[in-house]
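This report refers to the structure that appears directly beneath it.
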2 protein chains.
Amino acid sequence: MIRVMIAEDQALLREALTALIGLETDIELVGAAADGEEAHRLIRQHEPDVVLTDIEMPGMTGLELAALMKREQRKTRILIVTTFDRPGYLRRALESGVAGYLLKDGPSTALAEAVRKVAAGERVISPELAHQAWSEDDPLSDRERKLLRLAEAGLDSGAIAEETGLARGTVRNYLHAAISKLGAGNRIEAARLAREKGWL
Amino acid sequence: MIRVMIAEDQALLREALTALIGLETDIELVGAAADGEEAHRLIRQHEPDVVLTDIEMPGMTGLELAALMKREQRKTRILIVTTFDRPGYLRRALESGVAGYLLKDGPSTALAEAVRKVAAGERVISPELAHQAWSEDDPLSDRERKLLRLAEAGLDSGAIAEETGLARGTVRNYLHAAISKLGAGNRIEAARLAREKGWL
DNA sequence: GAAGCGATATGACAGCTGTCATGTGCGACA
DNA sequence: TGTCGCACATGACAGCTGTCATATCGCTTC
């Protein structure tokens with residue numbers, strides 16, 4: 001019997017996944033959490049074989065949860081189930097040590113199958129994504145990413161400078177580097193491109 | 001017996017909803033569609049009492065589907081099930097003539113209950129949203145909305161002018177109006193604010 | 001018909017943005 | 001130790017953006 005836990009903040013999807021798992025005879029649901037911290041607590045309590053989780057959750061993301069499993073040397077393996085099909089997300093997920101990455105777009109039959117494979121120690125990646133796993137490197141530095149996020153929120157160079165303690169000219173310089181690396185025409189387009197790739 | 005159809009492009013959620021509906025004894029599933037056009041075809045074929053649908057779908061949105069039901073004078077009623085909790089979305093949905101608007105955040109028990117109420121002719125709105133239904137009017141004109149969307153994508157005034165056939169000065173003027181109406185400091189912030197409200 | 005109003009349209013001007021040249025300091029590495 | 005690369009920093013300049021004054025047109029209201 002494979003012991004599974006669900007961590008998903010959308011109640012409807014969480015309970016629907018519960019219903020789907022309930023249809024399988026060789027998989028047992030041992031808990032369901034609505035946020036990352038509750039998930040961590042329940043994992044320590046039940047020590048499931050596999051945790052189905054979204055990436056974005058209140059409290060703790062699915063990726064942080066995966067990193068935590070590694071740090072605490074648990075055998076519990078993380079299977080990400082998400083809508084985000086951006087290359088950067090998959091890359092970051094794999095680097096966090098997740099055992100699988102499924103898209104919510106995929107057929108539900110893939111879910112139980114993926115749980116079985118992950119429980120057996122295999123690594124599972126949505127076929128739609130497998131080819132783009134190592135597609136393109138994030139060329140942005142931490143500084144560029146941070147300033148790009150502020151620019152995306154609508155702050156002008158002066159406000160970003162104040163926020164970060166940099167000079168206005170320096171802010172423009174970093175944004176110029178980001179714009180140039182991404183092949184964009186301005187900071188707005190640069191932010192959009194970076195977000196599409198999953199780099200923000 | 002209430003006859004229900006599901007229109008949802010995420011396969012996993014679609015099949016999970018199917019599983020949830022399957023648990024109810026007084027509700028019967030008569031079809032499931034992965035996009036708006038397929039949904040329309042299946043509605044004409046099966047004439048369900050209620051259609052569960054997301055707003056954003058390939059082919060046709062759930063709101064367009066609702067408007068179509070009204071135009072074709074069908075008795076089929078649309079129940080929106082979505083993640084979008086922005087005020088503007090609910091307002092536009094109600095104006096499109098939907099019979100209900102549920103958040104995926106809500107408990108799954110609310111789903112069957114909502115289906116029953118909608119089938120009985122009632123109107124159902126997620127309690128989290130009810131208070132903000134008429135919270136704030138969209139102050140933007142169609143022209144302003146369109147230009148704001150182009151600006152959000154990273155086009156500069158010149159590119160937007162070319163795209164729309166307007167003069168550069170006119171483009172800046174419309175964006176200025178939008179910025180001013182929204183109390184923003186620049187076009188980026190204006191686009192962000194408008195999107196948060198659900199006006200884009 | 002005249003006044004009022006909103007949508008459309010344009011140009012002038014100050015300030016902001018993107019680009020580039022240039023410079024400093026720090027750690028890596030042969 | 002030198003120099004190489006990289007992050008950090010700044011100023012100059014052309015072009016773009018935000019703001020405002022202004023004007024036309026169609027429609028409503030009296």
Side-chain angles (χ1 to χ4, degrees), chain A residues 88 91-92 95 134 136-200, chain B residues 88 91-92 95 134 136-200:
Chain A
R91 165 187 291 266
R92 251 180 286 164
E95 283 165 1
W134 309 111
E136 213 176 336
D137 250 342
D138 179 353
L140 299 175
S141 70
D142 285 348
R143 213 57 175 275
E144 288 157 2
R145 237 192 311 280
K146 180 173 183 182
L147 298 197
L148 213 45
R149 266 194 288 260
L150 292 171
E152 187 188 28
L155 281 71
D156 64 22
S157 296
I160 295 175
E162 203 167 329
E163 181 79 22
T164 56
L166 298 172
R168 279 167 53 131
T170 308
V171 169
R172 293 212 302 284
N173 196 29
Y174 278 114
L175 289 176
H176 171 56
I179 291 166
S180 166
K181 283 178 179 176
L182 296 170
N186 55 48
R187 55 184 71 187
I188 317 172
E189 194 183 355
R192 186 177 57 77
L193 290 172
R195 191 158 286 286
E196 276 173 12
K197 297 277 191 178
W199 295 333
L200 284 188
Chain B
R91 167 187 289 265
R92 249 181 288 163
E95 284 166 0
W134 310 110
E136 211 177 339
D137 250 343
D138 179 354
L140 300 175
S141 70
D142 286 347
R143 213 57 173 277
E144 289 156 1
R145 240 192 310 281
K146 179 173 183 182
L147 298 197
L148 214 45
R149 267 194 288 261
L150 292 170
E152 188 187 28
L155 280 70
D156 64 20
S157 297
I160 296 175
E162 203 168 327
E163 181 77 23
T164 54
L166 298 172
R168 280 167 53 131
T170 309
V171 169
R172 292 213 302 285
N173 195 31
Y174 278 114
L175 288 176
H176 171 57
I179 291 165
S180 167
K181 284 178 180 175
L182 296 170
N186 55 48
R187 56 184 69 186
I188 317 173
E189 194 184 354
R192 186 177 58 78
L193 289 172
R195 189 158 289 285
E196 274 172 14
K197 296 276 193 180
W199 295 334
L200 283 189

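Every chain is numbered from 1, with letters handed out A, B, ... down the list of sequences.
- Side-chain contact between His176(A) and Arg172(A) is absent, with no heavy-atom pair separated by less than 4.5 Å.
- Rounding to whole angstrom units, CZ of residue Arg168(A) and P of dC8(D) are separated by 20 Å.
- Mapped onto DNA chain C by nearest heavy atom, Ile179(A) and Gly169(B) fall at different nucleotides, with Gly169(B) at the one closer to the 5' end.
- Using a distance-only test at 3.5 Å, with no hydrogens or angles considered, a donor-acceptor pair links the side chain of Arg192(B) to the main chain of Ala153(A).
- Of the options Asn173(A), Leu175(A), Leu140(A), a side chain to side chain contact (heavy atoms under 4.5 Å, CB included) to Leu147(A) is made by Leu175(A) and by none of the others.
- What separates CD of Glu189(A) from P of dT17(C) is a distance of 17 Å, to the nearest Å.
- Here the side chain of Arg187(A) is nearest to one of dG18(C), dC16(D), dT8(C), namely dG18(C).
- Using a 4.0 Å heavy-atom distance criterion, Thr170(B) is classed as a base contact.
- A donor-acceptor contact under 3.5 Å is not formed by the side chain of Asn173(A) with the base of dT19(C).
- Counting non-hydrogen atoms under 4.0 angstrom, Leu175(B) reaches nothing in the nucleic acid.
- Comparing dT10(C), dA12(D), dC16(D) by their closest approach to the side chain of Ala167(B) singles out dT10(C).
- In this entry the distance linking CG of Leu155(B) with P of dC16(D) reads 13 Å, nearest Å.
- Atom NE2 in His176(B) sits about 16 Å away from atom P in dG15(C), given to the nearest Å.
- Distance, Arg143(B) CZ to dA9(C) C1': 10 Å, rounded to whole Å.
- Rounded to whole angstrom, the span from the CG atom of Asn186(A) across to the P atom of dT17(D) amounts to 8 Å.
- With no hydrogens or angles considered, no side-chain donor-acceptor pair links Thr170(A) and Arg143(A) at under 3.5 Å.
- Proximity of Tyr174(B) to the phosphate of dT8(C): a side-chain N or O atom is located under 4.0 Å from OP1 or OP2.
- Protein atom CG of Leu147(B) is 14 Å distant from nucleotide atom C1' of dT17(D), rounded to whole Å.
- Put simply, the side chain of Ile179(B) reaches to within 4.5 Å of the side chain of Arg187(B), judged on heavy atoms.
- For the OP1/OP2 pair of dT19(C) and a distance below 4.0 Å, the side-chain nitrogens and oxygens of Arg172(A) include no atom meeting the criterion.
- To the nearest angstrom, P of dC16(C) lies 13 Å from CD of Glu162(A).
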